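Counting starts at 1 for both ligands and their atoms, in listed order. On a predicted model such as this, the values are computed, not experimentally measured, just so you know.
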Amino acid sequence: MDHHDTAATPYLIGPVELERQDERRLVLATANGGELEVSAWAPDVVRVRYIPSTRPPATIGWALMSPEGSPESFPVEITFGGEAWALSTPRLTARVDRRTGAVAVDAAGHPSPIAEDDPAGPIREEPLAGLPGTDTGTHPVRIRAAKRLPPGAMCLGLGEKAGWMDRRGRVLEMWNTDVLPHLPDTDPLYQSIPFVIVYERGRAWGLFLHNTHRTVFDLGSGRPDRLEFSADAGQLDYFVLAGPTLPQVVSRFSDLTGRMPLPPRWALGFQQSRWGYMTADEVREVASELRRRAIPCDVIYLDIDYMDGYRVFTWDPARFPDPQALLEELRSHGFRVVTIVDPGVKIDEEYPVYLEGLESGLFCRRADGDRPFEGKVWPGPTVWPDFIRAETRRWWGRWHRVLLDAGVSGIWNDMNEPANFRHPLPTGTLDPGVRHGPDAERPAEERRELLHTEAHNVYGLLMSKAAYEAQLALRPGVRPFVLSRSGFAGIQRYAAVWTGDNSSWWEHLAMMVPQLINLGLSGVAFAGADTGGFAGHATGELLARWTQAGAFTPFFRNHSAMNTRRQEVWQFGEHIEAICRRAIEWRYRLLPYLYVLFWEAASNGTPVMRPLFWHFPGDASAERLQDEWLLGAHLLVAPVTQPGARHRTVYLPEGEWVHLWRPLRLLGPTHTAVEAELSELPVFVRAGAPLLLGPVPAHTGELARDGRVSVWMAAPSAAYLEPSGQDFWTWLYEDDGESLAYQSGEFARRRFDAAWSDGSGKLRLQLSFSGRDGRFRPAREWLEVVVDRVWRAPTWVSWQGAELSRTGEPLRPVFEDQANPAAASESRWSAQPAWYHDATAGRVVVRVPERPEPGELLVEW
Ligand code: MIG
């Protein structure tokens with residue numbers, strides 16, 4: 001390989017020469033002694049790696065599901081056309097300019113190249129002084145790359161960052177940090193997901209920077225037409241996901257970094273937490289208030305005060321004298337308990353966790369020797385487990401027995417950036433030279449020691465992996481639950497994420513929406529913010545509005561900080577309590593629908609909480625919205641995020657929309673002012689689209705014996721129907737909600753197709769049920785179909801082709817009922833399916849037998 005004099009050319013890495021190629025990969029020698037590698041990971045995903053002449057080792061693939069490429073087989077062609085090399089798949093061609101080394105990708109569905117390098121300087125290097133080298137014995141170099149950013153495009157994704165949805169114009173850093181408060185430009189926060197989606201009018205491509213060091217994205221700040229990114233050390237390793245649609249990019253990202261496994265159903269319920277439940281009796285009191293006031297709730301969290309002097313995996317003997325009895329008692333009232341686990345281990349010569357870890361050498365090591373690095377967190381002087389090592393993860397996992405044996409159902413991993421009080425906030429963490437690893441679970445070439453600078457951003461990810469795997473090992477067959485503050489790309493495989501220490505500010509209620517939307521687009525479907533706000537004092541109105549909105553987010557937990565005003569939903573008087581109860585009840589009614597969304601997210605990475613343009617690509621008004629979202633395809637949520645507001649503007653995209661609670665129907669696209677009394681959140685449902693609603697339980701445990709469900713639709717109006725009619729569909733997916741048996745066929749799944757047509761002045765619904773797949777038997781005798789907003793009695797109702805008779809006895813829809821096993825199995829309506837028209841409520845309720853066979857229901861009026 002001949003070396004070019006870099007001073008003689010404006011291009012650091014060009015010209016490039018062919019070094020070698022194999023089936024899916026092209027390796028080029030760069031002018032400055034490095035290597036540029038371009039390979040096809042999937043038909044629509046290309047990976048680019050630049051390895052500088054210092055030859056830093058490859059990124060350890062903790063974030064990646066399948067480093068070598070997706071398992072599908074597809075043809076790859078590599079050609080050289082004189083000026084450029086080209087690597088082509090059926091969906092894209094990645095070109096490398098011979099003279100400059102610049103990369104660009106032509107991809108199906110994109111009119112111009114994507115991920116196109118700045119030809120003036122595709123890659124730059126900056127020596128970084130002051131940091132010790134890696135095992136190559138050289139000093140690290142920071143590498144920068146720059147891509148062209150098309151003028152109208154937004155920059156989405158990048159995890160939970162503060163601020164608005166479109167990150168364009170900002171400089172964002174990936175370095176997990178414990179920080180409070182979250183101002184609009186506070187950066188970084190707790191999570192690092194170095195994945196950006198460039199989106200414009202229905203077309204999207206993504207770039208995942210696979211490097212765990214501190215990385216920085218300049219999203220058109222320094223230069224409006226440039227997307228620059230840099231990594232402090234290591235290789236420049238990135239994936240371009242070509243789309244061309246947003247769902248394709250996000251789904252591919254979930255192939256690359258994994259998907260959320262189906263969580264236990266109880267984790268979808270309402271959850272109550274507070275830093276400051278000091279004693280077992282205080283926890284009992286919270287639990288009994290929730291039940292006494294009929295506030296449905298599934299989970300109570302124990303924050304750091306349950307521990308003995310903040311020693312992880314202990315219980316305070318005076319304040320929590322008999323955890324097992326406490327948890328049993330709570331369980332008998334339907335409460336699960338999730339305990340916080342902090343990584344900092346107290347230095348205490350009488351504390352077995354410390355002694356064991358020390359003896360086995362499982363703590364993070366100082367730069368200057370094998371002694372553990374010491375710092376300070378809640379317990380005082382602490383050391384940190386080295387989660388980079390598989391043996392530490394297993395050892396830590398075994399300690400979870402202390403909690404699981406007491407009856408704990410899930411683990412809440414906090415402070416895992418990791419935070420260190422010895423260095424002042426906001427950057428307080430371990431020293432850069434602290435040593436980690438190697439990870440014995442990685443392939444041989446990745447088993448190496450690394451510095452904290454490289455391990456930092458994956459510390460929380462690997463701690464969560466430990467907590468997740470511990471639950472699988474100690475409680476086989478039961479779905480784990482982990483909630484994590486910190487993470488890296490791939491965190492969704494192990495944990496749900498909450499957005500950390502927000503404040504009880506209206507601004508943070510508003511910010512929750514773009515934060516959670518972007519987390520969803522970054523692979524994290526199961527995410528939420530502290531409802532009511534963590535820091536500062538909530539007001540009743542803020543809590544009401546936040547509870548209404550939180551009920552429609554994937555993870556729904558009321559949490560607040562010590563020394564703030566108490567903010568359980570009854571703390572602001574009966575009026576606010578009633579508003580919150582109603583919102584929480586709706587959360588529970590919607591669980592059958594929500595569960596299907598979680599199952600979809602687990603199957604293909606589709607976010608539960610979606611921006612409007614997910615379903616309405618190309619709608620310019622939808623594209624800029626971040627004060628509304630879609631929960632699944634059919635439910636549009638428009639939270640009120642200003643004090644005193646009693647109406648708000650709602651944008652409804654194309655189609656007919658019906659207010660979930662008001663007699664209001666609107667034809668989109670439209671901007672409309674909608675009333676929103678304090679008691680009411682504007683929520684719209686697509687007319688004609690099936691929702692799945694259930695009864696309201698005190699907690700999800702009651703649903704195991706009451707599987708009643710309503711397939712609920714708001715009738716579209718004949719006036720707005722397309723002449724050819726209109727079709728909507730949904731899955732109904734169910735299982736036991738708790739075990740892993742669904743993986744071996746213990747589930748029930750069927751599809752409902754609703755076809756609406758206008759037949760000579762009569763509106764007609766044909767609802768087809770597919771046969772029920774799977775071996776799970778839902779706990780119900782009847783399947784209920786409700787057609788709402790029907791004021792005239794039907795003239796014809798048939799099931800399986802035979803006319804159904806109208807019953808004289810009113811049928812009350814299941815979602816107006818409390819969960820109740822007796823009601824689920826009762827056969828009051830004889831063995832006959834029947835229907836009822838409630839003229840006052842304006843709805844038709846039909847009950848047909850729950851059978852595995854396909855079915856067909858016709859309703860005409
Ligand atoms: O330094 O455990 O984000 O949810 O209540 C604060 C106490 C430590 C930060 C978490 C918060 C939790 C709090 N923790």
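- Side chain of Y190 to main chain of D501: a donor-acceptor pair is present (N/O by atom type, distance under 3.5 Å, no hydrogens or angles).
- Each of Y588, Y595, F481 was compared with W266 under the ring-ring contact (aromatic ring centres under 6.0 Å, His included) criterion, and only F481 meets it.
- Here the side chains of R557 and Q272 are not in contact, with every heavy-atom distance at 4.5 Å or above.
- Electrostatic pairing of R435 and D386 does not count as a salt bridge here, judged by no charged N lying under 4.0 Å from a carboxylate O.
- Atoms of ligand 1 found under 4.0 Å from any heavy atom of M415 (numbered from 1 in listed order, with element): 1 (O), 8 (C).
- Looking only at side-chain heavy atoms (C-beta outward), S273 and N558 stay at 4.5 Å or farther from each other.
- Every atom of ligand 1 is numbered from 1 in the order shown, and the set under 4.0 Å from a heavy atom of I340 is 2 (O).
- Residue-level proximity to ligand 1 for D530 is absent, since no heavy atom of it falls below 4.0 angstrom.
- Minimum heavy-atom separation, F363 to G357: CE1-C, 3.3 Å.
- Less than 4.0 angstrom separates some heavy atom of F534 from each of these atoms of ligand 1: 4 (O), 5 (O), 11 (C), 12 (C).
- Residue contacts with ligand 1, taken as heavy atom pairs separated by less than 4.0 Å, involve W412 solely via side-chain atoms from C-beta onward.
- The closest protein non-hydrogen atom to atom 3 (O) of ligand 1 is D501 OD1, 2.5 Å.
- For ligand 1 and W498, the ligand atoms under 4.0 Å from any heavy atom of the residue are 3 (O), 4 (O), 10 (C).
- Around atom 2 (O) of ligand 1, the closest heavy atom drawn from D303, D305, D178 belongs to D303.
- Looking from atom 9 (C) of ligand 1 to the surrounding protein, the closest heavy atom is D414 OD2, 3.0 Å.
- Shown are F534, F556, W412; of these, the ring-ring contact (aromatic ring centres under 6.0 Å, His included) with W498 is made only by W412.
- Given atom 6 (C) of ligand 1, the protein heavy atom at minimum distance is W378 CZ2, 3.5 Å.
- For a threshold of 3.5 Å applied to N or O pairs, the pair formed by R485 and ligand 1 contains at least one separation below that value.
- Remark: minimum distance from atom 4 (O) of ligand 1 to any protein heavy atom is reached at H559 NE2, 2.9 Å.
- Screening F387, W384, F488 against Y459 for a ring-ring contact (aromatic ring centres under 6.0 Å, His included) leaves a single residue, F387.
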